[in-house]
K.L.:
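Take this structure first; my questions come after.
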Amino acid sequence: MEKNIIEVRHLSKSFGSHEVLKDIDFSVDKGDVISIIGASGSGKSTLLRCVNLLETPSSGEILYHGKNVAGKGVNAPEYRSHVGMVFQSFNLFNNMTVLENCMVGQIKVLKKSKEEAREAALYYLQKVGMAPYINARPRQISGGQKQRVAIARALAMDPEVLLFDEPTSALDPEMVGEVLQVMQQLAQEGMTMLVVTHEMAFARDVSSRVVYMNQGVICEQGTPEEIFGNPQKQETKDFLARFRNS
Amino acid sequence: MDKLAKLITDIGKLWENYSGAYFTGIENTLILAVAATLAGCLIGLLCGVLNTIPYTQNDHPAKRFFLKLLRALIRIYVEVFRGTPMVLQAVFIFYGLPYFTDGAIAFKGMAGIWTAALLVVSINTGAYMAESVRGGIISIDPGQTEGAKAIGMTHVQTMVNVIMPQALRNIIPQIGNNFIINIKDTSVMFVIGFVEFFATHRNIVGVNLLYFPSAVIEMVGYLTLTLLASFGLRWLERKLDGDDNYELVSEDSLAMSAGTYSHPNRNSPFDEQSKEFRNHKKGGR
């Protein structure tokens, strides 16, 4: 299995004087499903956004196949086309139908023909169960459906890694299941995934590694069994206890 | 009553003799307003795209300097052309440019007048549109940009495919405003000898002094033009918003996923199409 597709080294990020990420180190191997958990404001989302260069890191390196993409003169759009992202607020293009949402990136960025793009888009929409809705517009479908389309849109770019930024946090409870199910299926198929989530059951049952973040640093990481069964640090224990009680 | 009757006969007289001239005036006004509004929109869109090119600390200093300079230049353009009367801009371009360039740039004959008029009104509209487009871009959820960036689109691709179509829809009322303003305000182009609808009126009343009857024709003419423009733009808006309905592609094997369901209890008292339900509703009221 390919090691270190993405390697984050000494990553720091500040917004003004507020240091959100402090000297983060971690790496992603092919096939990894990494869940990043932690309290709100612990820097989980910022970390994910830095990995996709939606935020510019203040210092440190992000190596993609050994090449630093956080430095000067990097073709960020080219890099992003290999790293898919699914957002909390879906961010489907409102001026396009479901099908067009999944085609536009393939046509404009990957320079595929319309027919090829349509075929791939239909394949992935079918996978997430949204094929019947190809003519609908984002405003006409539910949150869970939007998120599944967003996943199909990311998949259609054939990314090497898929980042999920709290994909179920904006959903009504009854829609969370359908999105998690799709994600679980992807994980089983060997997709490399980096998931920021508050769904502890997902982190425990689906991921291969769990990263617990606290106040801008990686407090503890390990297999789900280690983190959920036998957490070493007091902060991790407190955090998990709060979830169990609620 | 006499006055009203006289007014109507005078209008009739004017119309008999000069209807052709009035129509030519309307034609010129419309061509200038449409062309200049379109050109102004293009200038505005261009300014909008250039104005929003992002730069980060990781970019080369030369690139950052160039982008800052670009933004400053656009700002100056907007402030100058939005902040001075169009009639003076026309004077400076039509008479000023040939004078200061010793005739290297000159506007000669009818073609020259048309070129100058188009140039002035376009540049003026562009200055207003640049701000409207900026507003339109700001009004779009930043998530749209992030979604586009996340699948690897460049700034221009994001703008052209995602942001501008949505921003443009939002600023159509503003474009309409500018178009209607242009229909009326192109009348100041008389200073450079451009004969549009209002200049026609000045020429005609200069000959026969039927000032008020001609002004009535002008009023009705301008109002007709602007009303037509309003209706046309409303129609365009509705068309762009598209249909509220969509077709399910139901032959798909996964069509029975979440969100689609058929009514479980057809013909039961709770089915809206059943007699019981209708009676129940009637009884309830």
Side-chain angles (χ1 to χ4, degrees), chain A residues 49 52-54 56-58 70-74 76-87 89-98 101 104-106 108-110 126-137 140-142 144-145 148 150 153-154 156-157 159 163 174-175 177-178, chain B residues 53-64 136-137 139-170 172 240-262:
Chain A
R49 291 167 60 82
N52 205 13
L53 302 183
L54 285 176
T56 312
S58 304
K72 291 185 197 303
V74 171
E78 209 279 330
Y79 163 68
R80 288 198 195 103
S81 70
H82 300 293
V83 181
M85 178 122 175
V86 175
F87 298 88
S89 50
F90 327 123
N91 296 350
L92 292 181
F93 306 137
N94 293 325
N95 56 323
M96 300 178 199
T97 64
V98 164
N101 260 283
V104 64
Q106 300 184 66
K108 303 291 174 190
V109 179
L110 303 180
Q126 187 135 22
K127 201 174 175 119
V128 299
M130 285 303 292
Y133 295 89
I134 52 172
N135 296 326
R137 291 186 173 270
Q140 295 164 324
I141 56 180
S142 74
Q145 292 176 322
R148 286 188 281 147
R153 177 176 74 180
M157 299 298 290
L163 313 177
E174 74 265 25
M175 294 170 187
E178 64 192 59
Chain B
I53 297 175
Y55 55 84
T56 62
Q57 267 124 38
N58 276 347
D59 285 320
H60 197 272
K63 182 183 170 189
R64 274 188 287 164
I137 292 173
S139 75
I140 305 298
D141 173 19
Q144 297 283 308
T145 311
E146 292 194 344
K149 276 184 174 176
I151 56 172
M153 283 196 192
T154 60
H155 175 69
V156 173
Q157 283 172 334
T158 304
M159 279 292 156
V160 171
N161 297 300
V162 179
I163 305 301
M164 280 305 174
Q166 297 181 54
L168 216 51
R169 162 62 191 92
N170 288 353
I172 284 183
L240 282 180
D241 283 344
D243 203 342
D244 269 342
N245 303 312
Y246 61 95
E247 297 283 320
L248 276 184
V249 184
S250 49
E251 63 262 42
D252 192 275
S253 56
L254 284 169
M256 274 307 293
S257 56
T260 49
Y261 61 93
S262 69

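So you know, we letter chains A, B, ... as the sequences are listed, proteins then strands, and number each from 1. Heavy atoms only: backbone and side chains are in, while hydrogens, waters and symmetry mates are out.
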K.L.:
Do you know which two heavy atoms are closest between A:Arg80 and A:Leu54, and how far apart they sit?
P.N.:
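Scanning both residues, the minimum pair turns out to be NE-CD2, 4.2 Å.
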
K.L.:
Examine whether an atom of B:Glu146 lies under 4.5 Å from a heavy atom of chain A, and if so say whether it belongs to the side chain, the backbone or both; otherwise answer neither.
P.N.:
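When you check distances to chain A, atoms from both the backbone and side chain of B:Glu146 fall under 4.5 Å.
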
K.L.:
Given the rule in the side chain to side chain contact (heavy atoms under 4.5 Å, CB included) test, do B:Val162 and B:Gln157 qualify, once you have shown the distances and angles that lead to the verdict?
P.N.:
CA-CA 8 Å; B:Val162 179; B:Gln157 283 172 334; over 6 Å; no

K.L.:
Return the option, out of A:Val109, A:Leu92, A:Val86, with the maximum number of heavy-atom pairs under 4.5 Å with chain B.
P.N.:
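So the answer, after comparing A:Val109, A:Leu92, A:Val86, is A:Val109.
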
K.L.:
Flag the one option from A:His82, A:Arg153, A:Glu78 with the top tally of heavy-atom pairs under 4.5 Å to chain B.
P.N.:
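The candidate making the most pairs under 4.5 Å is A:Arg153.
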
K.L.:
Does A:Gln145 reach the main-chain N or O of A:Ser142 with its side chain, forming a donor-acceptor pair under 3.5 Å?
P.N.:
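A pair under 3.5 Å: yes.
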
K.L.:
Atom NZ of A:Lys108 and atom CE of B:Met153: how far apart are they, to the nearest 0.5 Å?
P.N.:
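Rounded to the nearest 0.5 Å, the NZ-CE separation comes to 8.0 Å.
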
K.L.:
Quick check on A:Leu110 against chain B: is it the side chain, the backbone, both or neither that has a heavy atom closer than 4.5 Å?
P.N.:
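It is neither, since no heavy atom gets under 4.5 Å.
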
K.L.:
Using a 4.5 Å cut-off on heavy atoms from C-beta on, say whether the side chain of A:Pro77 contacts that of B:Lys149.
P.N.:
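B:Lys149 does not reach A:Pro77 side chain to side chain.
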
K.L.:
Is A:Val83 in contact with chain B via its backbone, its side chain, both, or neither, using a 4.5 Å heavy-atom distance?
P.N.:
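Looking at A:Val83, just its backbone touches chain B.
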
K.L.:
Relative to chain B, which segment of A:Ala156 carries a heavy atom at a distance below 4.5 Å: side chain, backbone, both, or neither?
P.N.:
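Neither part, no heavy atoms under 4.5 Å.
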
K.L.:
Is there a side-chain contact between B:Ile137 and B:Met164 (heavy atoms, below 4.5 Å)?
P.N.:
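Yes, close enough: below the 4.5 Å cut-off.
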
K.L.:
Measure A:Met96 against the heavy atoms of chain B and call it side chain, backbone, both or neither at under 4.5 Å.
P.N.:
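Side chain only.
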
K.L.:
Output the option from A:Ala76, A:Ala150, A:Ser81 having the highest count of non-hydrogen pairs under 4.5 Å with chain B.
P.N.:
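Among A:Ala76, A:Ala150, A:Ser81, the one with the most close pairs to chain B is A:Ser81.
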
K.L.:
What residue, out of A:Asn94, A:Thr97, A:Val104, has the most heavy-atom pairs lying under 4.5 Å from chain B?
P.N.:
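Most pairs with chain B among the choices: A:Asn94.
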
K.L.:
Quick one: does any side-chain atom of A:Asn91 pair with a main-chain N or O of A:Phe87 as donor and acceptor, under 3.5 Å?
P.N.:
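Absent.
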
K.L.:
What pair of heavy atoms forms the shortest contact from A:Val74 to A:Gly71, and how long is it?
P.N.:
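So the two residues come closest at CG2-O, 3.6 Å.
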
K.L.:
Sort A:Phe93 into side chain, backbone, both or neither according to what part of it lies under 4.5 angstrom from a heavy atom of chain B.
P.N.:
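Both backbone and side chain of A:Phe93 come within 4.5 Å of chain B.
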
K.L.:
Taking side chain as everything from C-beta outward and backbone as N, CA, C, O, which of these in A:Thr56 sits under 4.5 Å from a heavy atom of chain B? Side chain, backbone, both or neither.
P.N.:
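It is the side chain, since no backbone atom gets that close.
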
